[in-house]
Each structure stands twice: as structure tokens, then as C-alpha cells.
Enquirer: 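My structure is below; once you've seen it, I'll send some questions.
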2 protein chains.
Amino acid sequence: MPEPRRRADAVRNREAVLDAAETLFSRSGPAEVSMNSVAAAAGVGKGTVFRAFTDRTGLLQALAERRTAPLRAAVTGGPAPLGPGSPPRERIPALLDALAAAKLENLSLYRALEEAGAASPYQSASYAWWHTTLRDSLARLTGGQDAGFLAHTLLAAVRADLVTHLRTVEELPEEEIRSRLAAHVRTVLEPLSS
Amino acid sequence: MPEPRRRADAVRNREAVLDAAETLFSRSGPAEVSMNSVAAAAGVGKGTVFRAFTDRTGLLQALAERRTAPLRAAVTGGPAPLGPGSPPRERIPALLDALAAAKLENLSLYRALEEAGAASPYQSASYAWWHTTLRDSLARLTGGQDAGFLAHTLLAAVRADLVTHLRTVEELPEEEIRSRLAAHVRTVLEPLSS
DNA sequence: GGGTGATACGGACCAAAGGTCCGCATCGTA
DNA sequence: TACGATGCGGACCTTTGGTCCGTATCACCC
């Protein structure tokens, strides 16, 4: 596979689109960010956006991936408590707290991502990755039993629309949300035999 | 308020639309059920559908309400374990199991409902009702502390898209899903001081 | 620097879906 | 049976994701 060599203007445009989309999402809800507006904000034609990212979901994924690259790196190869070496009882709360923090920082992006057009969030590679990571850590405590289901329920507790509801309707501050989540994780982890 | 008296054809059409929509949802995913197709299947014009239900969300809500009326009745005024008199340790698992069962029976309807077009599921009256009901029961165990958050997490565990994923991708049978959910509920309820 | 093929650009265009509108039909009542 | 109120239906509008292709730009070689 001899890497087909990207043209300079193509990579420049790709970056511009990501930047524009990032700004738009930071300023308004997911519904206001249409592909048209992204293209316009990037000073680029619509076709360029779709060529670079295939479809809306592709753009959202690329954006989310770029924003959370450090987090993913910390989880896959970093030190404790996020890194793969950490003991589950430290790592699992850390994972969920980090994920919650990431969502809180990029709420409308994550909302857009989880609405997902047609496909449910459960189809995405990103969800699969988090689920696997979490499940494996959990399995070291449970012996594997129901770790998968438990991982799903924990991840469901940090879904972007729920977090949004907690922030905007129940008006909980970030730290409050994170501490309640932490308490919940503690509760769930408690009874697991080491 | 002297009840404006509904015309006979209007109520007939309303029913026809509900029936048609119900059939469509039972046969295909939420994306396939457009307002147009509902109108066509009901043998009725589009305007009639929108006049009767205001918008798509209104139709979905009306449909869900009709399908789960018995369940709501059982919860608000029925006998144990669902009824309001039952002790929380019986009632809470029963509530979640019943809700899970309802979703399993009407998966694509609930998926459509939770996608919600623009508004998140957390805006809906139906969610608020379940959340309040569950929170109140939980509060009788926790003394109120974090009952609201816990109720959210429990409800998140039965979200339609998650349930769909468990059924179709992980291929768990209904009973398996319900029993894992039950186990999870037990775990979460366990540490609560009575 | 100039020529040439490959690659990317951009915006007109398309299709689908939710929602609106209003001339016409049907209902309920006297 | 007549007549006003209510409801009907489908053409129409708007928005949005996504496609297409004639044109411009890039990268490479001479």
C-alpha cells in the first residue's frame, strides 16, 4: 500500500473544516451546526467537506477523535490511574471521570455524535473502544461475569444528552455531576470481589 | 371550558392513524416510518395526521401512551409490586423490569421516541414521570440523597438504543437482558440503608 | 518555466422528510 | 334541507444531508 500522497490544499482544507466545526460546536447546539454552515465557516465548498469526511458522522468522529487524542493516549499507554497498568479499582473511576470531563467540555459535539443521524451510538468504533476498555478492567474484578452489561450501564450514565440535562435543566455544576458519578461508580464497584 | 365536541370523522381518523403507525412500527425500524407513510397507511391525508397530533413527536407520544396505558395504571394505582403502596425493595426492581419489558415489546417505537427529532428524551413528560416515580421510591431507601441521580442512571440502563444493541448485536434474548438488568438493580439497591 | 495528467474544488443540483396552507368536502344541527 | 362550523387532503414550502461534474489547482517531469 504506497500511501497515495495527499495534495497540500486538501490537507489545509481538511484542517480548516475541523477548526471551523470546532468553533461552531463550541458556540451553539448540534442542531445549529449544519454541513452547509461548517463549509461556509471554513470558507470552503460543501463538496470539499464531504470529500474529506464522507458524511456528517465522519466529520463528527474526526473532530471528536482530534479533541480527545490525549485522553485516548493516556488510557492506552499512560501512567496510572488512566493507563492500562493501573489496578481496576483506581482505573475504572478514573476512566469514567475522564470521559465525563471530556463530554462536559464538548457537550454539543458529543450530543451531535450520539444523535448519530441513523446509526445508534452503539455502532460507533469509539463506543466499542470505551466499552471494551471498561469491560476488561471490570472483568479483572468480577471474574468476567456481567462485566459487559455493567460497562454498558456505566457508560449510559455519562451519555451526552443526560449530562446536558443535568447541566441545563437540573443546573448542576460540573463538579457536582462528576462527584455524583464518582459516588455511583463507587457504589457499583464496592460489592465486586477483588 | 366547554369541551369543543369532536367530529365523528376526526376521532375515527385519529384512531386509524394510531393503528397504522402501530403496525408500521411493529414491522420496521423508526427511520422507515415517515409521517407520509403513516398517512398513506391510514388512508388519510398528511394534513389530517398533523392536525390530530401536531407533529411527529406528538404522534409518537400518543402512540406510546396508548400502548402503555395499562402499565401506567398499574404503577399509579395498582397492587404490589408495581403499585404505589409496595415497599421500595420490591417496587423498584418491578418498575424497571416492567419498563424494560415494555421497551422490548415496542422497540422501534421507543427508539423513535428517544431520538426525539430535536428535543432530548429528557424533555418529555413521560421521562419526567418515570424519573419522579423511581426517584420517590428510591428516596424512601436513601433518605433522598442522590436518589435523583441514581434514578437517571437506572433509566439510562434501559434506553431503547442500548436495549436494541443488546438484542441485535450482542444477540441476548429478552429474558437474559431482563435478568441482567435485575441483577444490576439488586447490586445498586443492596447497599442502601433501609 | 512550461506542459500534462491526476487530484481537488465548489456550488448547482437532487431527494427525502417534516410541516404548512387553503380551497373543497363533510358533518352536525335547526 | 340548508347552512355554518369543522375537518380533509395533497400540493407546496423549507431545510438538510448528500451527489455530480465542469473547472481550477497541484505535483511531477522535462
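Chain identifiers are assigned alphabetically (A, B, ...) following the order of the sequence lines, protein sequences preceding nucleic acid strands; residue numbering begins at 1 within each chain.
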Enquirer: Can you measure B/Asp9 atom CG to D/dA5 atom P for me and round it to whole angstrom units?
Expert: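 One finds 17 Å between P of D/dA5 and CG of B/Asp9, rounded.
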
Enquirer: Honestly curious: do B/Trp129 and B/Leu154 fall in one hydrophobic cluster under the side-chain, below-4.5 Å linking rule?
Expert: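 In one cluster: yes.
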
Enquirer: Considering only side-chain heavy atoms of B/Ala10, which listed nucleotide, C/dT29, D/dC8, C/dG19, is closest?
Expert: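 Selected nucleotide: D/dC8.
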
Enquirer: Does B/Arg180 come within less than 4.0 Å of B/Glu176, counting only side-chain N to carboxylate O?
Expert: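 Salt bridge flag = yes for B/Glu176 with B/Arg180.
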
Enquirer: Does any residue of residues 34-45 of chain A have a heavy atom under 4.0 Å from DNA chain C, and if so, which ones, in number order?
Expert: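 Contacting residues: A/Val44, A/Gly45.
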
Enquirer: So, does A/Ser37 use its side chain to make a donor-acceptor pair with the main chain of A/Val33 at under 3.5 Å?
Expert: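 Not confirmed, A/Ser37 side chain does not pair with A/Val33 backbone.
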
Enquirer: Please determine, for the side chain of A/Arg6, which listed nucleotide (C/dC9, D/dG18, C/dA8) has the closest atom?
Expert: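 My answer, after comparing the listed nucleotides, is C/dA8.
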
Enquirer: Is A/Arg51 touching bases, backbone alone, or none of the nucleic acid, heavy atoms closer than 4.0 Å?
Expert: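 If one applies the 4.0 Å heavy-atom cut-off, A/Arg51 turns out to touch a base.
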
Enquirer: Closest to the A/Phe50 side chain: C/dG18, D/dT19, C/dC27?
Expert: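 For the A/Phe50 side chain, the nearest candidate turns out to be D/dT19.
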
Enquirer: In whole Å, what is the span from the CZ atom of B/Phe53 to the C1' atom of C/dG19?
Expert: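 Rounded to the whole Å, the gap is 16 Å.
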
Enquirer: What is the distance, rounded to the nearest whole Å, between atom CD of B/Glu32 and atom P of C/dA16?
Expert: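 The answer, rounded to whole Å, is 13 Å.
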
Enquirer: A/Leu18 versus A/Phe53: any side-chain heavy-atom pair under 4.5 Å?
Expert: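 When only atoms from C-beta onward are counted, A/Phe53 and A/Leu18 do touch, with a gap below 4.5 Å.
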
Enquirer: Where the side chain of A/Lys46 is concerned, which of D/dC12, D/dG7, C/dA12 is the nearest nucleotide?
Expert: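 Nucleotide nearest to A/Lys46's side chain: C/dA12.
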
Enquirer: Between A/Asp55 (CG) and D/dT16 (P), how many Å, whole number?
Expert: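 That distance rounds to 17 Å.
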
Enquirer: Quick check for you: among C/dT29, C/dC27, C/dC9, whose closest atom lies nearest to any side-chain atom of A/Thr48?
Expert: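 When the side chain of A/Thr48 is considered, C/dC9 is the closest of C/dT29, C/dC27, C/dC9.
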
Enquirer: Yes or no on salt bridge (charged side-chain N to carboxylate O under 4.0 Å, His left out) for B/Glu15 and B/Arg66, after CA distance, side-chain angles and deciding distance?
Expert: CA-CA 11 Å; B/Glu15 225 54 30; B/Arg66 191 176 75 158; 3.1 Å; yes

Enquirer: Test your reading of the model: is there a side-chain donor-acceptor pair from B/Arg91 to the backbone of B/Val75, 3.5 Å cut-off?
Expert: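 A pair under 3.5 Å: yes.
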
Enquirer: Taking A/Ser137 for the side chain and A/Pro88 for the main chain, is one N or O donor matched with an acceptor at less than 3.5 Å?
Expert: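 Flag not set: sc A/Ser137 to bb A/Pro88 has no pair under 3.5 Å.
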
Enquirer: I want to confirm an ordering. Mapping B/Arg56 and B/Arg12 to their closest nucleotides on DNA chain C, which one lands closer to the 5' end?
Expert: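 Taking each residue's closest nucleotide, the earlier one in sequence belongs to B/Arg56.
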
